[in-house]
Student: 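First the structure, then my questions, so here it is.
The shown structure was predicted, so the numbers you read here are calculated from the model rather than taken from an experiment. The figures here come from the full heavy-atom set of this structure, side chains too, leaving out hydrogens, waters and symmetry mates. The sequence lines fix the lettering, A, B, ..., with proteins before strands; numbering per chain opens at 1.
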2 protein chains.
Amino acid sequence: MDMDGRDAAGSIGATKTSFGIVEHIRDHDASGVSEIANDLGISKSTAHNHLKTLAGLGYVVRQGDEYALGLKFLDLGDHARTRHALYHASIGEMDDLVEAVGERGQVMVEENGRGVYIYQVKSEQGLQTDSHIGTTVDLHATSVGKSYLAFCDEKRRKEILDGELTRLTTKTIGDRDALEAELATIRERGYAFNDEERITGMRAVGAPILSDDETILGAISVSGPTTRMKGEWYHTEVPEMVTQAARVIGIRATYS
Amino acid sequence: MDMDGRDAAGSIGATKTSFGIVEHIRDHDASGVSEIANDLGISKSTAHNHLKTLAGLGYVVRQGDEYALGLKFLDLGDHARTRHALYHASIGEMDDLVEAVGERGQVMVEENGRGVYIYQVKSEQGLQTDSHIGTTVDLHATSVGKSYLAFCDEKRRKEILDGELTRLTTKTIGDRDALEAELATIRERGYAFNDEERITGMRAVGAPILSDDETILGAISVSGPTTRMKGEWYHTEVPEMVTQAARVIGIRATYS
DNA sequence: CGTCTCGTTCGGACGGGCCGAACGAGTGTT
DNA sequence: AACACTCGTTCGGCCCGTCCGAACGAGACG
């Protein structure tokens, strides 16, 4: 519980400002100089200089009097996820899984104690999605996250869970002991459920991706509304398909 | 010392350094402090401070004694391309096109005088690809780029073409007048060919995406080896499919 | 024509980022 | 076991780069 001691010595303020500007633009789709200066509490001239620099580097682009994110980030993002063997390994297999189940599917890896979706496959039923590539989610409130936690080494799990278990819905597991019990169950049977623990009305089935039965690479899941995800289908058939896909992906990730 | 001359006034050096480091990591998959300091001509301590800052922000992650790109860039990249209506409009349609043609397909937009692939669909024949999401290409040496140049407004075309027309293969159109003539042809018939002008052995067929017959949003293409892309198929049938898809995408991009 | 607000430029001041040297930890060699 | 080399990290100090506020020019609106 260190209180934000990240203002450590030797920290580059200008870099923080630049990325603050970038994130502001991301959250607003496009921003102008004054707006950024106000929101970030910096002077207009400073904001201007940063934007000019970022534009020169190609990371932001001007559109009239506003700035938007440049596509150079697309390249960086692609490299970031290409590092993960899990990404390549899951592409074809996830598409098949989603087709078989008929619900949305996603691939997650962990970074800084949170889950990040690195691949997502939409299903036929074009459900408006709140999550997209690059979205980060709480590990304890998702089937992918719980799958990950159940199978990562204990040390890492402690580190991650020592944070707060935010309650996102009434069904979110906010109690540490209850979560550990749930993880034990998941570890035993090999897959995880998510019953409206992150979004009311949504269920999911997830499974971990293990490389050579030692290290965990991430997790996959399929998710859909409670109206369709129910009964034997939800409790037995889907888990079977998900774990099967996870096994294949794990093998493909190991040998590539 | 370093008289780049490119040092515009009011430019933030620390930001340039930070992104220089990020790009170094991108190009090497992962880098250490000393390696970065050497390659960028900065001191170890400076490199260290930048990396510490970037890690604190979540844009790079430590793996042992090296740093790799963080998945936060994935989120930024996704936002950058989500801005383009062309992205959403082309997703389903491009998949259908690729399936029909049986060759790789890509969607391009222009940024800073270069073409950037914002979407790519692989074909059955898993041809190892040099290009990926976020790749930038010369506009004059690709079917997408030529389609774009042929249909963008004249002012913008002049600006872009006043640069050098780099010859990438023996067939690249390196002469300005020859290129203008080619663009006139493309403008007339509505689609573009690329006959080994960027990569020897590769051909492509591209077409522009116009929103409401006024502004150009980008271009699409399908590409494959000369062994398969030939004859009537290449010269007539594929262009028909590509232009048809382009028309549909243009309409979908306009009304969304 | 006045009065907003926008982005841009300028000069000055202060603090922050830069470097080089020294430290500590890890690795492989003799 | 001790060496020599590497790595990443820390520390101190100098100087430049970065920040701010004020002023300027360009549009938009009434």
Student: Taking the minimum atom-to-atom distance to the side chain of B:H48, which one of D:dT10, C:dT9, D:dT18 wins?
Tutor: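 Of the candidates, D:dT10 comes closest.
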Student: Between the protein and nucleotides 24-29 of chain C, which nitrogen or oxygen pairs come in under 3.5 angstrom?
Tutor:
none

Student: Calculate, to the nearest 0.5 Å, the distance between atoms CG and OG1 belonging to A:D75 and B:T135 respectively.
Tutor: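 Atom-to-atom, A:D75:CG and B:T135:OG1 are 6.5 Å apart.
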Student: Hydrogens and angles aside, do B:Q120 and B:S131 bring a side-chain donor and acceptor to less than 3.5 Å of each other?
Tutor: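 A donor-acceptor contact under 3.5 Å links the two side chains.
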Student: Quick one: OH on B:Y117 to OG on B:S221, what's the gap to the nearest 0.5 Å?
Tutor: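 Output value for this atom pair is 5.5 Å.
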Student: When every nucleotide of nucleotides 21-30 of chain D is labelled 5' to 3' by its protein contacts under 4.0 Å (heavy atoms), B for base, S for sugar-phosphate only, - for none, what sequence of letters results?
Tutor: B---------
Student: Would you find a donor on one side and an acceptor on the other, under 3.5 Å apart, between the side chain of A:D29 and the backbone of A:A68?
Tutor: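 Side chain of A:D29 to backbone of A:A68, a donor-acceptor pair under 3.5 Å: no, none is there.
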Student: Heavy-atom nearest nucleotide on DNA chain C for A:V33 versus A:I12: which residue maps closer to 5'?
Tutor: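 Final value for this comparison: A:V33.
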Student: Below 3.5 Å is the cut-off: list the nitrogen or oxygen pairs between protein and nucleotides 4-6 of chain D, distance only.
Tutor:
none

Student: Calculate the interatomic distance between A:I42 atom CD1 and C:dT8 atom P; express it in whole Å.
Tutor: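 Going from CD1 in A:I42 over to P in C:dT8 covers 14 Å.
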Student: Please name the residue in the list B:I133, B:V109, B:N112 that meets the side chain to side chain contact (heavy atoms under 4.5 Å, CB included) test with A:L71.
Tutor: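 Of B:I133, B:V109, B:N112, side chain to side chain contact (heavy atoms under 4.5 Å, CB included) with A:L71 is met by B:V109 alone.
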Student: Main chain of B:D27, side chain of A:H79: is a donor-acceptor contact present, judged purely on distance under 3.5 Å?
Tutor: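 No, A:H79 side chain to B:D27 backbone: no donor-acceptor pair under 3.5 Å.
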Student: Between A:N38 and A:T15, which is nearer to the 5' end of DNA chain C once each is assigned its nearest nucleotide?
Tutor: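 Closer to the 5' end of DNA chain C: A:N38.
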Student: State the dot-bracket string of DNA chain D. Criteria: Watson-Crick or G-U wobble, both atom distances under 3.5 angstrom; notation: ( ) intrastrand, [ ] crossing earlier pairs, | interstrand, . unpaired.
Tutor: ||||||.|||||||||||||||||.|||||
Student: How close or far is atom C1' of C:dC18 from atom CD1 of B:I36, stated in whole angstroms?
Tutor: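 Result: 17 Å.
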Student: Counting N and O atoms only, with roles assigned by atom type, does the side chain of A:T136 sit under 3.5 Å from a partner on the main chain of A:V116, one being a donor and the other an acceptor?
Tutor: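 Answer holds: no.
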Student: When you measure from every atom of DNA chain C, which of residues 57-73 of chain B have a heavy atom less than 4.0 Å away?
Tutor: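 Nucleic-acid contacts, sorted: none.
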Student: Go through the structure and list residues passing salt bridge (Lys or Arg N to Asp or Glu O under 4.0 Å) with A:E159, not counting sequence neighbours.
Tutor: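 If we apply the salt bridge (Lys or Arg N to Asp or Glu O under 4.0 Å) test to A:E159, skipping adjacent residues, the hits are A:K155, A:R156.
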Student: To the nearest Å, how far apart are B:I21 CD1 and C:dG17 P?
Tutor: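 Between P of C:dG17 and CD1 of B:I21: 13 Å.
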